[in-house]
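When reading the values below, keep in mind they use all heavy atoms of this one structure, side chains included, and skip hydrogens, waters and symmetry mates. Because the structure is a prediction, the values reported are computed rather than measured. Chain letters run A, B, ... following the sequence lines, proteins first and then strands; every chain starts at 1.
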Amino acid sequence: MKKMLNLSSNPHIRDEVNTAEIMRDVVIAMIPTTLYGIIQWGLNPALVVLFTVAVAVLSEFLYEKFMKMPITIGDWSAAVTGLILALNCPPDIPVWIPCVGAVFAIIAIKMLYGGLGKNWMNPALGARCFLLISFAGKMTGWTTIGADALSGATPLAYLKAGGDMAKINICDMFLGRIPGTIGEVSKLCLLFGAAYLIIKKVISPKIPLVYIGTVAVFTLLFGGHGFDVTYLCSEILGGGLIFGAFFMATDYVTSPITPNGQIIYGVILGIMTGLFRLFGGSAEGVSYAIILTNIIVPIINLKTIPVAFGREGEKK
Amino acid sequence: MNKYLERIYNGIIKENPTFILMLGMCPTLATTTSAFNAIGMGLSTTAVLMFSNMVISALRNVIPNRVRLPGEIVVIASLVTIVQLLMQAYTPAVYESLGIYIPLIVVNCIILGRAEAYALFNAPIVSFCDGLGMGIGFTFSLTVLGAVRELIGKGSVFGFQLIPSDFSIGIFALAPGAFIVLAFLSALQNKLRLPSATNGGQEVPEFVTSGDVLGAFNKTEEAPASEEKKEA
């Protein structure tokens, strides 16, 4: 009874869900694709995942200890950052490189801005781009799947270089039998994880679907292949688009919170990714598209504040 | 302390142009890709700074107040042209690697700032020492930045390989690295509460950091008196 009479400022209805639970769900959702990467490529991806997560959590702990801030490693967000970063690395990467990236992600991109919720850029992706610029060769040295692991090109790079469309196998791309980063290749595992997040209502499918749809439309319009299903599918399934759309573009901190803003965000992401992929120098553009669009998220939020209930008729 | 030495000390430590006054950020960010480039930039700026301070100070009673900016720029630009031609003749390697940033010394705000804030109100010799101090301070800061960036970005300092290049983080030798390193050094400075224009710990001369050119222009009438008082 006492609880009922308690006066407080809004929000009045609270859910029991907290940050740690949401972040744990995100980790659970990424387990299938992590396992797939480890099974496909063996020991090195396992070490990369293990050490990157450990270094990410440790650097958050040490920074907060050193700065005499409350220790927040219990909210799992550092572990999510480390895991996403590890999954964004190629399987043959020397383990210390993603560890450097993890320190950069946590210290420079997240903690220096004030910690979780105050960073404007997705830490894992910012660190990936940091590594991509610093270690261009090692970050794009792909290994194909198979007993005698040969290095090869991702389907996107293969098509960009004018490869033969007939050699593209959509089924392989969907199941993950293609070169790529540890976590991006198996679309089946990724969609499995994404479905878990959507069912648990951790993410809304709005941003990913708008994002992927925009990339599809952009590719059809400007790809130069007309309506070619194989080409379209390889653009959607061949790179990091599915991983990026469901697990990185939906980051709570760096995506818009307004309903219309999320649609605008998805469209801008799609156009940017299309521009980078089709007209840029590199075959892939998801990471850069997301971190660049992160910059304008505050503006999107400001410009798309929904009209409050009961105020629809008012003149502005 | 001897007032000439005091000027030099002031430029290097108390009012270090890069870390404390936060002046001349464009050449600081652009030319500190390696310790060698940083020293080249620092020394050429020092040469211009010493002589521009001296010449402007000598001409301070001749230059009419209303056209003093064009007057100063003419002096600075002539000196920069001399330095540029000398570098092209005697140190072609440095000249090549610094490129456009040598002519851009003309618009380096440290030089104009010292001319406006100091040389216009003080005698030539002491202005020369002020320019020398500021120049050494600038060279020192640039070299520190350049050495840190070169060490992390290429694994070497002054071209001596200290860390195998496999372990160097290339981004630090590129443009983003300049911003990251400078921001980290400034943040460290703020954390340790060292004086800096960014944390209010340093009482900066109003002419130098306000960026308020018009305000400075209007205040010139009473400013000489206050500067001279400080000297006395």
- Pick one of side chain, backbone, both or neither for Leu131(A), based on which atoms fall under 4.5 Å of a heavy atom in chain B.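 It is neither, since no heavy atom gets under 4.5 Å.
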
- Go through the atoms of Phe135(A) and report whether side chain, backbone, both or neither lie under 4.5 Å from a heavy atom of chain B.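 Contact with chain B is through the side chain of Phe135(A) alone.
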
In this structure, are over 12 heavy atoms from other groups packed under 6.0 Å from [X] atom [atom1]?
{"X": "Phe36(B)", "atom1": "CZ", "result": "no"}
{"X": "Phe160(B)", "atom1": "CZ", "result": "no"}
{"X": "Tyr113(A)", "atom1": "OH", "result": "no"}

- Query: How close do Ile169(B) and Ser134(A) get, heavy atom to heavy atom, and via which atoms?
  - Reply: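 Closest heavy-atom pair between Ile169(B) and Ser134(A): CG2-OG, 3.2 Å.
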
- What orientation do Phe172(B) and Phe130(A) show, parallel under 30°, tilted 30 to 60°, or perpendicular over 60°?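 Correct class here is perpendicular.
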
